[in-house]
Amino acid sequence: ILLVGFTIVQGLLSNKLALMDEILQVIAAMETQLSNGPTCNNTSNGPSTISNNCSSPVESGSIEDSKTNLIVNYLPQNMTQEELKSLFGSIGEIESCKLVRDKITGQSLGYGFVNYVDPKDAEKAINTLNGLRLQTKTIKVSYARPSSASIRDANLYVSGLPKTMTQKELEQLFSQYGRIITSRILVDQVTGVSRGVGFIRFDRRVEAEEAIKGLNCQKPPGATEPITVKFANNPSQKTSQALLSQLYQSPNRRYPGPLAQQAQRFRLDNLLNMAYGVKRFSPMAIDGVTSLAGINIPGHAGTGWCIFVYNLAPDADESILWQMFGPFGAVTNVKVIRDFNTNKCKGFGFVTMTNYDEAAVAIASLNGYRLGDRVLQVSFKTNKTHKA
DNA sequence: TACGATT
């Protein structure tokens with residue numbers, strides 16, 4: 001009976017955590033989409049659209065369609081402006097960098113702007129960092145376009161969707177009313193099943209208005225129930241977000257008890273699976289507490305946990321370290337050590353992670369990882385200077 | 001093959 005009870009409580013807790021996370025993501029997505037979000041394409045990751053041609057002809061291309069200024073969407077909630085700069089600075093010299101925060105709470109709104117000195121670096125950043133997985137998020141990197149009134153408030157909230165409806169089908173349903181910028185169907189984080197709720201962002205508000213007129217209270221083809229289509233909530237209602245964010249970052253999460261640890265472990269496993277697919281990692285059985293006992297604060301440096309990465313290729317760069325370690329948790333800094341003259345990687349680098357548990361899992365997962373034709377060796381940094 | 005500094 002105890003065991004059953006434990007399992008139930010555990011299930012409830014992990015569900016709650018997952019739901020909370022999802023709620024936060026939804027809010028972040030709403031705000032991102034309501035802001036000066038990326039306007040082109042949205043089907044998948046990778047170096048997708050790289051033009052600005054989506055804004056209306058009247059407003060685009062006039063003074064300057066900046067080829068250096070990027071908007072970065074879907075950043076992890078806890079990512080700071082410094083980390084953003086560090087990440088994108090690994091590509092090239094940055095002219096300016098801005099993480100957009102809530103004016104009242106100071107919380108990140110999950111997006112920011114990075115302006116490079118060189119347009120070439122901006123393009124490179126899109127090609128290499130768009131689609132990068134960081135913790136629970138897949139960041140989106142695209143050219144920032146000048147804001148304009150006509151593209152604002154074009155985000156729709158859709159509910160009552162058939163659980164079987166796919167994102168593609170959702171887009172098909174709405175595309176008759178205008179150009180769809182982003183679409184999303186929310187899924188249960190545990191089961192992956194559609195929650196029957198989604199968002200559609202049109203290019204222009206008028207298109208969104210027409211979609212409401214045409215689709216609200218209507219049954220999609222083959223559906224048995226009508227859907228609800230309305231404008232997504234305006235992010236000016238910040239109270240709920242502040243509450244949720246504070247809840248999410250409660251002491252319970254930072255210093256979890258055994259139960260919460262289990263839930264976090266569960267979440268982390270899922271995240272890892274999402275980030276890297278399957279069997280690239282051996283099954284992990286890391287116990288943050290006991291493994292800590294056997295180690296004399298290796299790699300600990302007040303600012304975080306420093307990790308030594310050995311056997312990097314000569315052409316390795318910082319972005320690969322971000323890509324490898326980012327999915328495991330908060331990464332504050334990465335560094336590839338290069339030869340001063342050749343500028344080639346000397347075969348190793350360092351990664352700083354904020355949280356011990358995440359660093360430990362990253363090490364356990366990435367040590368022995370095959371990168372190209374090399375097998376990496378990953379461990380906490382020691383104090384050893386090349387003695388003998 | 002192995003543990004950072006041209007800010």
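Below, read A as the first sequence line, B as the second, and so on, with proteins coming before strands; counting in each chain starts at 1.
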**Q** Where the side chain of F308(A) is defined as all heavy atoms beyond and including C-beta, which of dG4(B), dC3(B), dT6(B) is the nearest nucleotide?
**A** dC3(B)
**Q** Compute both the distance and the angle, then confirm whether R374(A) meets the cation-pi test with Y369(A): under 6.0 Å from the six-membered ring centre, within 45 degrees of the axis.
**A**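 Checked: cation-pi criterion not met.
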**Q** Using atom CD1 of I363(A) as one end and atom P of dA2(B) as the other, report the distance to the nearest whole Å.
**A**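 Taking atom P of dA2(B) as the reference, CD1 of I363(A) is at 20 Å.
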**Q** To the nearest angstrom, how far is K346(A) atom NZ from dT6(B) atom C1'?
**A**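 Taking NZ of K346(A) and C1' of dT6(B), I get 13 Å after rounding.
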**Q** Find the distance E318(A):CD to dG4(B):C1' and express it as a whole number of Å.
**A** 12 Å
**Q** If you assign each of Q377(A) and R338(A) to its closest nucleotide in DNA chain B, which residue comes earlier from the 5' end?
**A**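 Result: Q377(A).
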**Q** Round to a whole Å and report the spacing from NZ of K381(A) to C1' of dA5(B).
**A** 11 Å
**Q** Could you identify which residues cluster with I337(A), counting Ile, Leu, Val, Met, Phe, Trp and Tyr as linked when any side-chain heavy atoms lie under 4.5 Å apart, either directly or through a chain of such contacts?
**A**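 In the cluster with I337(A) are F308(A), Y310(A), F348(A), F350(A).
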**Q** Quickly work out the N343(A) CG to dG4(B) C1' distance and round it to whole Å.
**A**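 Going from N343(A) (CG) to dG4(B) (C1'), I get 15 Å.
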**Q** Closest heavy-atom contact between L84(A) and C97(A)?
**A** CD2-SG, 3.7 Å
**Q** Starting at the 5' end of DNA chain B and moving along, which residue's nearest nucleotide shows up first, Y310(A) or T352(A)?
**A**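 By nearest-heavy-atom nucleotide position, the 5'-most residue is Y310(A).
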**Q** What nucleotide, of dG4(B), dA5(B), dT6(B), holds the atom closest to the side chain of F350(A)?
**A** dG4(B)
**Q** Measure from NZ on K344(A) to C1' on dT1(B) and round the result to the nearest Å.
**A** 18 Å
**Q** Using the side-chain heavy atoms of N311(A), tell me which of these nucleotides is nearest: dT6(B), dG4(B), dT1(B).
**A**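 Closest nucleotide to the N311(A) side chain: dT1(B).
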**Q** Please give, in whole Å, the distance from dT7(B) P to K335(A) NZ?
**A**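 The answer, rounded to whole Å, is 7 Å.
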**Q** I need the CZ-P distance between F380(A) and dG4(B), as an integer number of Å.
**A** 17 Å
**Q** With sequence neighbours left out, write down each residue that passes salt bridge (charged side-chain N to carboxylate O under 4.0 Å, His left out) with E83(A), or none if nothing qualifies.
**A**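 With sequence neighbours excluded, E83(A) shows a salt bridge (charged side-chain N to carboxylate O under 4.0 Å, His left out) to no residue whatsoever.
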